[in-house]
Amino acid sequence: MKAQDSATASSPIAVVESPATSHTASAASRAGASAADAHEPTDAAAPPAHEPTTDAVSPATGPASGRSGTVLAGLGVVAFSLTFPATAWGLESFGPWSLVALRSVLAALVAGGVLLAARVPLPARRHWAGLAVVGGGVVVGFPLLTTLALRTSTTSHAAVVVGLLPLTTAVLGSLRTGERPSRLFWGAALAGAAVVIAFTVRESGGALSAGDLYLFGALLVCAAGYTEGGRLARVMPGWQVIGWALVLCLPLAVAGSLVALPLEPVRLTAHGVVGLVWVAAGSTFLGLYVWYRGMAAIGVARASQLQLAQPLLTLVWSFLLLGEEISAAAPVAAVAVLVCIAATQRAGRRAARTSRAVRPPDRRP
């Protein structure tokens with residue numbers, strides 16, 4: 001029975017009142033007041049019982065979702081931080097073109113098997129263009145360009161250069177998704193980028209190397225793939241985003257393998273096989289799965305700044321796994337950009353709280 005019907009049954013006088021008085025009685029009835037009290041001014045001002053308070057938290061944007069999104073994106077960063085050392089291991093056994101093609105083939109087979117086992121339907125036609133951007137950026141472009149760069153650059157140097165990726169992703173994300181981070185956020189992001197540029201110039205003696213050009217190209221294509229993947233992860237699960245992007249690139253990856261393997265020598269070693277398996281299953285599939293889920297929860301710009309920690313983590317892995325000598329400037333630069341994470345995340349949390357506080361209550365009947 002509707003609230004107005006209840007009020008009418010309890011007090012026949014309500015049917016002859018003016019529309020404004022009838023509305024007051026209906027509101028009072030929804031708040032749990034009797035029809036006899038509906039004419040009291042204090043009760044008439046009471047909000048409907050179903051109306052949420054201003055501190056109600058949406059499941060998609062509340063603190064719990066923000067924390068879980070940050071954790072997921074952070075796990076993705078940990079997986080990505082192992083990519084360069086694993087790639088260096090992979091290059092012990094495979095040529096750069098073969099390694100990139102094989103990692104894409106293996107990752108696509110894993111993703112395709114999972115999609116098939118879960119009986120996931122094909123994405124809507126409108127999503128395939130975005131999946132192509134994801135595939136071109138994070139499945140093909142970034143792995144290929146960074147692998148070519150690692151032929152002449154150390155993993156520690158490449159890791160800090162790629163520290164520009166968070167700023168690049170934040171800019172593209174703001175343009176593509178309409179996110180509007182605060183001035184504090186942009187200030188911290190620019191500070192981290194400035195540290196990375198200063199380190200790159202110092203390490204290269206004031207001139208860019210061919211490896212740096214590859215790395216800067218990798219930044220652009222990867223940021224585009226991250227941005228589009230983060231947008232798609234809002235309408236489909238993150239593992240399906242990277243899964244379908246990998247499947248979409250499978251024909252190209254197979255063709256690349258057939259061409260590259262006969263031309264590049266293969267010398268199988270334990271390091272080479274482990275490196276290939278990790279960049280295929282760990283970095284490309286599992287890492288991007290949790291990364292896109294995190295981006296969908298906390299936003300592209302805020303999640304991207306967590307990658308400021310990636311250079312520091314990669315420096316640690318390069319020292320432990322590869323025995324690389326790290327220049328004194330590298331850890332200083334990595335720590336400096338790490339400090340910027342705190343500022344960007346704080347700005348993101350403050351913006352989220354402000355957004356929830358000013359969100360108008362839902363007054364739908």
Side-chain angles (χ1 to χ4, degrees), residues 56-77 79-80 104 107-108 110-142 165-166 168-181 220-250 283-307 348 351-352 355-356 359 362 364:
V57 178
S58 169
T61 58
S65 177
R67 286 191 294 269
S68 63
T70 301
V71 170
L72 289 171
L75 290 175
V77 171
F80 299 154
S104 298
V110 172
V114 174
L115 291 169
L116 186 62
R119 298 183 179 181
V120 178
L122 289 172
R125 182 180 299 178
R126 65 182 183 276
H127 297 322
W128 282 108
L131 291 171
V133 175
V134 174
V138 303
V139 177
V140 178
F142 185 79
L165 183 57
T168 309
T169 303
V171 172
L172 292 182
S174 297
L175 295 175
R176 185 69 178 91
T177 66
E179 295 180 15
R180 294 295 181 265
L220 294 176
V221 297
C222 189
Y226 281 171
T227 299
E228 200 62 23
R231 186 187 66 83
L232 289 173
R234 296 177 177 177
V235 296
M236 68 176 70
W239 68 273
Q240 292 184 23
V241 173
I242 185 57
W244 286 118
L246 285 165
V247 171
L248 185 63
C249 294
L250 180 58
S283 300
T284 305
F285 184 69
L286 295 177
L288 286 169
Y289 160 58
V290 293
W291 176 244
Y292 283 141
R293 283 195 61 184
M295 293 183 84
I298 64 176
V300 173
R302 183 177 167 190
S304 69
Q305 298 311 297
L306 290 173
Q307 278 197 299
S355 177
R356 291 195 299 271
R359 184 184 296 118
D362 185 3
R364 291 174 296 178

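The chain is numbered in sequence order, starting from 1.
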The criterion is side chain to side chain contact (heavy atoms under 4.5 Å, CB included); which residues satisfy it with Ala111, sequence neighbours excluded? Leu246, Phe285
Taking only residues two or more places apart in sequence, or in another chain, which ones meet Val171 in a side chain to side chain contact (heavy atoms under 4.5 Å, CB included)? Leu167, Leu175, Trp186
For Leu115, all residues meeting side chain to side chain contact (heavy atoms under 4.5 Å, CB included), sequence neighbours excluded: Val120, Trp239, Gln240, Trp244, Val247
Nearest heavy-atom contact between Leu288 and Tyr226 is CD2-CE2, 3.8 Å
With heavy-atom distances below 4.5 Å as the criterion, would you say the side chains of Ile242 and Val138 are in contact? yes
Residues pairing under side chain to side chain donor-acceptor pair (under 3.5 Å) where one sits in residues 122-139, two or more places apart or in two chains, turn out to be none
Side chain to side chain donor-acceptor pair (under 3.5 Å) pairs, two or more places apart, involving residues 284-301: Arg103-Thr284, Tyr289-Arg293
Out of curiosity, Leu165 CG to Phe80 CZ, how far, rounded to the nearest 0.5 Å? 9.0 Å
Within this structure, what is the CG-CG distance for the pair Leu172 and Leu220, rounded to the nearest 0.5 Å? 7.5 Å
Closest approach of Cys249 to Gly135 (non-hydrogen atoms, all atoms of both residues): SG-CA, 3.6 Å
Shortest non-hydrogen contact from Ala79 to Ser283? O-OG, 3.6 Å
Identify the two heavy atoms, one from Pro123 and one from Leu131, that lie closest to each other, and give their separation to 0.1 Å. CG-CD1, 3.8 Å
Just verifying a value: how many Å separate Met295 CE and Arg231 CZ, rounded to the nearest 0.5 Å? 12.0 Å
So, for Ser104 and Val139, which heavy atoms are closest and what is the spacing to 0.1 Å? OG-O, 3.3 Å
To check you understand the geometry: which heavy-atom pair defines the closest contact between Ala224 and Val133, and what is its length? O-CG1, 3.8 Å
